[in-house]
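The next block holds one structure in the form of structure tokens; read it before the comments.
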Amino acid sequence: MTRLTATITANFGRRMHIAFADGTAGDARIKGRGLKPVCADRVSVVPIDNDEWLIVEIHERRNALTRPNLRGAVEVLASNVDVVIVVAAPEPKPDWYIVDRYLCAAENMGAEAIVAWHKSDLPGGDEADAMLRVYRELGYGVARTSIDDPQSIAALERTVGSRVALLVGQSGVGKSSLINGMSPPSSQRTSGISRKTGEGRHTTVNAVLLPLACGGAVIDSPGVRDFAPAFAQAVDVAHGYREIATRARECRFANCLHLREPGCAVKGAVDTGVIDARRYASYRRSMNLFDDSRRSY
Ligand SMILES: Nc1nc2c(ncn2[C@@H]2O[C@H](COP(=O)(O)OP(=O)(O)OP(=O)(O)O)[C@@H](O)[C@H]2O)c(=O)[nH]1
Ligand SMILES: [Mg+2]
Ligand SMILES: [Zn+2]
């Protein structure tokens with residue numbers, strides 16, 4: 001039987017949209033309850049009939065972003081991501097702790113991370129400047145974008161290039177609008193997904209992967225309010241705050257978690273202002289997601 005490789009472009013529960021390497025799209029179902037494909041998964045499919053495919057296997061994921069959904073269950077949002085674009089904006093009020101948690105997740109995924117300050121046409125940028133400076137000093141890419149400034153979106157698109165980028169951030173920061181401002185491939189065949197967000201507010205419900213003219217793709221994701229990635233273990237948090245991971249080598253104890261331990265180089269660096277106190281507070285909050293029993297290595 002013909003067995004082809006495809007990429008998941010949208011996930012509607014048990015119904016999937018898939019795309020093949022030549023750009024053609026199709027609808028697919030999943031074989032068995034055990035398979036749970038997510039956006040950007042590479043899958044093996046066999047034809048059911050002329051309009052439908054059956055997903056029989058998920059190829060090994062290079063990485064994945066996991067977070068709790070609205071029902072509180074931890075689910076995989078997307079896989080095989082090269083770049084995580086964390087979007088924040090003056091409106092809704094930015095929650096920098098959520099930004100930090102996504103950056104921490106990106107670090108653990110082995111993905112590049114970029115902070116995009118969107119709706120830069122609105123006031124509030126001055127307040128964000130200090131935060132964005134901290135991120136830039138940590139080595140993260142920082143972009144300022146607005147739908148009123150197509151060049152700013154084109155620049156972000158060029159940064160994505162031929163890679164796969166995942167846009168995350170609070171609901172309403174403008175992830176879908178940003179993606180709408182990017183260029184689809186000129187020969188894009190119908191994928192059944194409209195790039196239009198329409199008038200006014202239009203909340204994204206499912207993660208969707210949209211190809212770009214530059215050869216890469218962007219994944220739009222729903223910005224579930226206040227929900228940010230879950231971490232499997234405390235050690236992931238310690239690894240995910242890069243300035244903390246770097247300093248940790250100088251701590252007296254090799255398994256220091258930089259909370260209350262004596263001889264902690266991280267706390268020392270916070271006291272002298274070398275590590276940003278707000279970032280350290282985010283780190284502690286991320287750590288507090290674990291109870292004491294799970295906090296040990
Ligand atoms: N002023 C201004 N408003 C914008 C900009 N981009 C988007 N908006 C508005 O912000 C609102 C939310 O935009 P969306 O693109 O739907 O936000 P989202 O991040 O996709 O939201 P969810 O799908 O709920 O996660 C809409 O009313 C947009 O018109 C911008 O650059 N400037
Ligand atoms: Mg959206
Ligand atoms: Zn320490």
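Remember, it's 1-based here, ligands and their atoms both numbered in the order they're listed. What you see below is based on every heavy atom in this structure, not just the backbone, and it leaves out hydrogens, waters and symmetry mates.
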Polar atom proximity, Asp148 to ligand 1 (N or O, under 3.5 Å): no
Note: Arg279-Glu243 ion pair, threshold 4.0 Å (strictly below): yes
Side-chain ion pair, Glu52 and Arg29, N-O less than 4.0 Å: yes
Step-by-step salt bridge (Lys or Arg N to Asp or Glu O under 4.0 Å) determination, Glu261 to Arg252: CA-CA 9 Å; Glu261 297 89 339; Arg252 186 181 304 163; over 6 Å; no
Separation between CG of Asn63 and CG of Asn108, rounded to the nearest 0.5 Å: 10.5 Å
Thr145 and ligand 1 - part of the residue with a heavy-atom distance under 4.0 Å: neither
Part of Leu122 with heavy atoms under 4.0 Å of ligand 1, whether side chain, backbone, both or neither: side chain
Cluster check Leu132, Val134: I/L/V/M/F/W/Y, side chain < 4.5 angstrom: yes
Distance filter under 4.0 Å to Ser177 heavy atoms, resulting ligand 1 atoms: 6 (N), 7 (C), 13 (O), 14 (P), 15 (O), 28 (C)
Heteroatom proximity flag, Gly223 to ligand 1, N/O under 3.5 Å: yes
Ligand 1 N/O within reach of Ser176 N/O, cut-off under 3.5 Å: yes
Best match, Ser152, Gly174, Gly169: closest heavy atom to atom 17 (O) of ligand 1: Gly174
Cation-pi, Tyr241 ring and Arg247 (6.0 angstrom, 45 degrees): no
Salt-bridge present (Asp149, Arg144; N to O < 4.0 Å): no
Lys/Arg N to Asp/Glu carboxylate O, Asp41 vs Arg61, below 4.0 Å: yes
Heteroatom distance test (Lys175, ligand 1): nitrogen or oxygen, under 3.5 angstrom: yes
Name of the His258 atom (N/O/S only) found closest to the Zn ion (ligand 3): ND1
Part of His118 with heavy atoms under 4.0 Å of ligand 1, whether side chain, backbone, both or neither: side chain
For Ile147, the ligand 1 atoms whose distance to one of its heavy atoms is below 4.0 Å: 4 (C), 5 (C), 6 (N), 30 (C), 31 (O), 32 (N)
Rounded distance [0.5 Å steps], CG in Leu166 versus CG in Asp82: 10.5 Å
Angle subtended at the Zn ion (ligand 3) by Cys256 SG and Cys264 SG, rounded to 10 degrees: 110°
Metal site the Mg ion (ligand 2): N/O/S of Ser176 inside 2.8 Å: yes
Numbered atoms and elements of ligand 1 in range of Asp121, under 4.0 angstrom, heavy atoms: 1 (N), 2 (C), 30 (C), 31 (O), 32 (N)
